[in-house]
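Numbers for residues simply follow the sequence, beginning at 1. All ligand and atom numbering here is 1-based and tracks the order in the structure.
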Amino acid sequence: MTKSPYPMLSVEEALAVVLAQSQPLPPVTQPLTAARGAILASDITAPEPLPPFPASTKDGYAVVSADGPGAYPLVGEVTAGAPADFEVAPGTVAYIATGAPLPAGADAVVMIEETEKLETRSAPAQIHIKTQVQPGADVRPLGVDVQAGQTVLAAGERLDAAEIGLLATAGVVDVPIYPRPKVAVLSTGDELIEPGNPLGPGQIRDSNRAMLLAAIDAVGGEPLDLGISGDSQQALNARVQTGLAQADILLTSGGVSMGDLDLVKPLLEHAGTVHFGRVRMKPGKPVTFATADAQGCRRLVFGLPGNPVSSLVTFYLFAVPALRKLAAWRDPRLRQVQARLAQPLPLDAYRPEFHRATLHWDGEQSCFVAASTGSQASSRLLSMRTANALLALPQRAGSLPTGAAVDALLIGDL
Ligand code: AMP
Ligand code: MG
C-alpha cells in the first residue's frame with residue numbers, strides 16, 4: 001500500500017498552522033459605500049459635536065421657561081435646517097420643529113399638545129402655553145449624542161450598518177479599512193465540464209467552482225474565477241501561477257488524493273512550501289495547505305479535496321478563518337454554539353467528523369436543536385443543503401443518543 005508522506009495533523013493543529021501563516025493585508029482607503037463588512041484600520045473621531053447646536057426634540061413652541069403658562073405673542077418660526085434670525089425675548093414664543101436649532105433667548109420647548117393657537121383678529125398670533133416646563137425641556141443640548149473629538153469607532157471594529165452611519169455622521173467618506181481578500185478558485189480534473197454543457201461519457205459538471213465562488217462572496221472575500229484545469233502538470237501549473245499572481249488566497253479543488261493524476265501536492269511543493277497535506281477529519285482528510293511568494297507578497301494556497309462536500313467543509317474550517325485573518329478580524333475562527341441532537345448519530349472511531357446539520361432554536365427546551373441533513377457521503381452535496389452548522393463529533397466508537405450536547409460550528413445564519 002502506498003503511504004502518504006504527509007503527517008496527519010489534528011484539525012486544531014492544522015488551523016493553528018493556517019492562522020500563523022495568515023497576516024492582515026495592508027490597509028487601503030475605500031469609499032463609504034464600499035466599506036460595509038470590512039474591518040476599520042484607524043480610530044475615527046468626531047470633528048464636530050452632535051447635535052452641532054441645541055436642537056428641539058419636539059414640534060412645539062420655543063419659550064423662556066421662566067415665563068410659565070399664559071398667552072404669548074408668536075414672534076416667528078424655526079424649522080429644521082433653517083436657523084432663526086430673531087430672538088425669543090421674555091414674554092414671547094416661536095414655533096419650532098423637531099431638529100430645528102433653538103432660537104437665541106429661548107431655553108426650552110413646549111410640545112404642541114400642551115399649547116393652543118388662540119383665535120385673534122390681528123397679528124401677531126397668540127399662543128396659549130398650558131404647562132410649566134423646566135429649562136432645557138425637550139431640547140437636545142449641543143454634543144449630547146456625540147462630543148467633538150470623541151472616538152466614535154475604534155480600529156479593529158467591523159463595519160456594519162450602524163458603524164457606516166457613524167462614519168457618515170463624522171463626515172468620513174474615504175474610509176481606512178482592511179481590504180476584502182482576493183480569493184481565486186481553480187477546479188481540477190479531466191472529467192469536469194462547465195455547468196451549461198451536456199454531459200459526455202465519463203464527465204460530470206463542475207459544481208465546486210460555482211459553489212466556492214458563491215461561498216467566498218458570502219464570507220466577504222472577492223472571488224476570482226480561474227476556470228477548470230485538466231489533469232496535466234503544465235495546464236495546472238499555468239493556472240496556479242495565474243492565481244498566485246492575482247489573488248491573496250488560491251483555492252484548488254480536486255487532485256489531492258493518492259491517485260497518479262493527483263498533481264496538486266507535488267506542484268505546490270514546487271511552487272512554495274506545503275505546511276500540511278493530511279488532516280484527521282471526516283470529510284476532507286487530504287486537504288492541503290501551502291504558502292508561496294508572488295509579487296513580493298505571501299500567498300495562501302488551499303488544495304481542497306474534489307468531492308463537493310469535502311471541498312466546502314474544508315473551505316469553512318480552514319479557508320474562512322484564513323480569509324478573516326487577512327481581513328484583520330480579531331477572532332477569525334468560526335463561531336460556535338452548543339446544540340442538542342434531534343436524533344442519534346453514529347460516530348467514527350478513527351476521525352472526528354463534521355456532521356452537517358440544520359440548527360434551530362427550540363423555545364420549549366431553551367436550546368439549539370441540531371437536525372442531521374441525512375446521508376453524509378462526501379460526494380452528496382445534498383448533505384450541505386440547508387445546513388447552517390457543522391457538528392464537531394468526537395472520534396470514538398459507537399454513537400451519540402438523541403438529546404446529546406454537541407459543539408456546532410456555524411456556517412450560516414441561525
Ligand atoms: P479528486 O480529489 O480529484 O480525486 O476528486 C475526488 C472526487 O471529486 C471525484 O469523484 C471527482 O470527480 C470529484 N470532483 C473533483 N472536482 C470536482 C468539481 N469541481 N465538481 C464536482 N466534483 C468534483
Ligand atoms: Mg481529480
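Under the 4.0 angstrom criterion for non-hydrogen atoms, Ser257 is in contact with ligand 1.
The pair Asp248-Lys182 does not meet the salt-bridge criterion, since no charged nitrogen lies less than 4.0 angstrom from a carboxylate oxygen. Of the charged side-chain nitrogens involved, at least one lies within less than 4.0 Å of a carboxylate oxygen, so that Arg298 and Asp293 count as a salt-bridged pair. A salt bridge links Arg209 to Glu194: one of the charged nitrogens lies within less than 4.0 Å of a carboxylate oxygen. The pair Arg280-Glu12 does not count as a salt bridge, with every side-chain nitrogen at least 4.0 angstrom from each carboxylate oxygen.
Looking only at heavy atoms of the protein, atom 22 (N) of ligand 1 is closest to Ile204 CD1, 3.4 Å. Of the protein's non-hydrogen atoms, the one nearest atom 11 (C) of ligand 1 is Glu191 OE2, 3.0 Å. For atom 19 (N) of ligand 1, the nearest protein heavy atom (residue, atom name, distance) is Asp206 OD1, 2.8 Å. Atom 10 (O) of ligand 1 has its closest protein heavy atom at Asn307 OD1, 4.2 Å.
Shown here is Tyr350, whose OH atom has no more than 12 heavy atoms of other residues, nucleotides or ligands within 6.0 Å.
The ligand atoms of ligand 1 that sit less than 4.0 angstrom from a heavy atom of Ser187 are 19 (N). Atoms of ligand 1 lying under 4.0 Å from at least one heavy atom of Arg205, given by number and element, are 20 (N), 21 (C).
Which of Gly202, Gly255, Gly306 comes nearest to atom 3 (O) of ligand 1 through a heavy atom is settled by distance: it is Gly255. Closest heavy-atom approach to atom 18 (C) of ligand 1 within the set Val264, Asn208, Asp190: this belongs to Asn208.
Proximity of a side-chain donor or acceptor of Asp231 to a complementary backbone N or O of Asp190 within less than 3.5 Å is detected.
The aromatic rings of Trp361 and Phe368 sit perpendicular to each other, their planes meeting at more than 60°, with 30° as the lower class boundary.
Using a 4.0 Å cut-off between heavy atoms, Ser207 contacts ligand 1 through both its backbone and its side chain.
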